[in-house]
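A quick write-up on the structure given underneath.
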Amino acid sequence: MKKSVVSKEYQNLQKEIIALQENWKESINPESIIPNLDKTAMSAGVPAAALTSINFEISLFQQWIKEINELLIKHNPELETKLAGISSLVNEITAIRWIDEAFSFNSVYFASFAEENGLEEWIPQFLAETALRPYLQLTAEKIQHEIIHAVPGAGCPVCGEPVRLAVLEDEGKKVMTCPRCLAHWNAKRIECAHCGNDDHKTIQFLSIEGDASSQIQVCDKCTGYIKVIDTRQYLSKPSAAMLDLNSIHLDFVAQEQGYQAVGQMKETN
């Protein structure tokens, strides 16, 4: 297995964030999440979480933002001045807006919020996304038994995150897994998650020198790619979030060769 290009310090930070999220998830009232599994909408690619009634406890969300700040500062004291005042900015109205915009991946809103409040661009969306994930993960747990497959190009069937990671389990069974909400679903070994192409002539697997456990599946029809990790070679299986982080070198390789994290059909004359 190839050594991760991500620093040990950042890996440790992410492990602590994941542990925090697990603790936060325990404090969510399961009854506050009421799924509405509209099969017609889901078959059209609408994420199940968008159909789910989630009663967010805003004070919890605000508390989690404070805890993330404290963890970031513990790992990097230089961030203290950059994160000062964040908690006072995230009042109830702002927290509700952050939840909505993080859910819909609205990076434009967060970039604007950062600029208006003199923050580094990455900070608001990182904090909001980190605090949102326990709700998404609990939603995924509640409806996992209904998640059989995904609509190509629609992203994760639970949270809508662009599909980018698959693991090989048992006898080589390919299972798509979402680093954001941790939902998982079976997929054909030869199938593009972005456009549904299953023509073996236009789907390739790129191997990485020195990394026997990983491949990149690329589609020449839509130029999309996903990372495929053979977790049978791991003594203990990391979480999907850590697998995604530690395989970021595969993203670099794929994108350097012209493939995209979200596939797009090529224009034909």
Side-chain angles (χ1 to χ4, degrees), residues 17-18 21 24-25 28 32-56 61 95-111 113 122 124-167 174-187 191-197 217 219 222-227 239-241 243-245 247-248 251 259-265:
I17 286 175
I18 290 168
Q21 289 169 329
W24 296 340
K25 195 164 62 177
I28 299 173
S32 66
I33 297 175
I34 306 171
N36 172 26
L37 297 174
D38 184 329
K39 298 293 176 64
T40 301
M42 291 174 66
S43 65
V46 178
L51 303 167
T52 298
S53 172
I54 304 177
N55 183 19
F56 292 96
F61 185 84
I96 293 170
R97 182 75 187 271
W98 274 27
I99 290 168
D100 288 342
E101 304 300 355
F103 187 90
S104 59
F105 309 101
N106 191 347
S107 56
V108 173
Y109 162 78
F110 285 108
F113 184 94
W122 66 272
Q125 189 162 12
F126 178 85
L127 297 178
E129 175 66 25
T130 302
L132 173 66
R133 287 191 178 191
Y135 279 99
L136 296 177
Q137 291 167 7
L138 191 55
T139 300
E141 287 179 15
K142 278 202 160 196
I143 61 179
Q144 180 61 63
H145 63 285
E146 296 284 349
I147 305 303
I148 312 291
H149 57 80
V151 177
C156 169
V158 173
C159 72
E161 173 91 342
V163 177
R164 62 177 178 271
L165 183 67
V167 297
K174 179 182 169 187
V175 179
M176 304 301 304
T177 182
C178 177
R180 189 188 195 205
C181 72
L182 308 183
H184 49 87
W185 59 96
N186 294 333
E191 181 183 53
C192 175
H194 304 291
C195 71
N197 174 30
Q217 179 187 294
C219 174
C222 72
T223 69
Y225 75 89
I226 61 167
K227 302 179 289 187
S239 70
L243 277 175
D244 185 44
L245 177 68
S247 61
I248 199 169
D251 295 284
Y259 295 98
Q260 307 172 79
V262 179
Q264 296 178 345
M265 296 302 288

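Atom set for the values below is all heavy atoms of this structure, side chains included, hydrogens, waters and symmetry mates excluded.
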Tell me the closest heavy-atom pair linking Thr130 and Pro134, and the distance in Å.
O-CD, 3.5 Å
Rounded to the nearest 0.5 Å, the CG atom of Leu37 sits from the NZ atom of Lys142 at a distance of 11.0 Å
So CG of Leu165 and CZ of Arg180: to nearest 0.5 Å the spacing works out to 15.5 Å
Test side-chain contact (heavy atoms from CB on, under 4.5 Å) applied to Ile96 and Phe56, step by step
CA-CA 9 Å; Ile96 293 170; Phe56 292 96; over 6 Å; no
Quick one: pull up CD1 in Ile143 and CD1 in Ile33 and give me the separation to the nearest 0.5 Å.
9.5 Å
Check ion pair Lys174-Glu191 (N to O, under 4.0 angstrom):
no
Report the C-alpha separation of His184 and Cys178 in whole Å, then their side-chain angles, then the decisive distance to 0.1 Å, and conclude whether the side-chain contact (heavy atoms from CB on, under 4.5 Å) test is met.
CA-CA 6 Å; His184 49 87; Cys178 177; over 6 Å; no
Met176 side chain near Val163 side chain, heavy-atom distance below 4.5 Å:
yes
Using 0.5 Å steps for rounding, measure from the CG atom of Leu136 to the CD atom of Gln21.
10.0 Å
Step by step, work out the side-chain contact (heavy atoms from CB on, under 4.5 Å) result for Lys25 and Glu141.
CA-CA 11 Å; Lys25 195 164 62 177; Glu141 287 179 15; 2.6 Å; yes
Polar side-chain atom of His194 near backbone of Tyr225 as donor-acceptor pair, under 3.5 Å:
yes
Are the side chain of Ser104 and the backbone N or O of Asp100 linked by a donor-acceptor pair below 3.5 Å?
yes
Output yes when Lys227 and Asp244 qualify as a salt bridge under the 4.0 Å nitrogen-oxygen rule, no when they do not.
yes
A side-chain contact here means heavy atoms from C-beta on lying under 4.5 Å apart; do Val158 and Gln144 qualify?
no
Atom pair CG (Leu51) and OG1 (Thr139), whose distance is rounded to the nearest 0.5 Å:
11.0 Å
May I ask you to check whether Trp24 and Tyr135 place their ring centers less than 6.0 Å from one another?
no
Value rounded to 0.5 Å, distance of OG in Ser239 from CD1 in Ile18:
3.5 Å
Can you name the nearest heavy-atom pair linking Ile147 to Met42, along with the distance?
CD1-CE, 3.9 Å
Which heavy atom of Ala48 sits nearest to which heavy atom of Thr52, and what is that distance?
O-OG1, 2.8 Å
Parallel, tilted or perpendicular, judged at 30° and 60°: which one describes the rings of Phe113 and Tyr109?
tilted
May I ask you to test the Trp98-Asn106 pair for a side-chain heavy-atom distance under 4.5 Å?
no
Report yes if the side chains of Arg164 and Pro179 come closer than 4.5 Å at any heavy-atom pair, otherwise no.
yes
Between Cys219 and Tyr259, which heavy-atom pair has the shortest distance, and what is it?
O-CE2, 3.9 Å
Examine distances only and state if a side-chain atom of Glu161 and a backbone atom of Gly155 form a donor-acceptor pair shorter than 3.5 Å.
no
Ignoring hydrogens, what is the shortest heavy-atom contact between Leu132 and Phe61? Give both atom names and the distance.
N-CE1, 4.0 Å
Are side-chain heavy atoms of Cys156 and Pro47 found at a separation under 4.5 Å?
no
So which atom in Ala49 and which in Ile54 form the shortest heavy-atom distance, rounded to 0.1 Å?
O-CD1, 4.5 Å
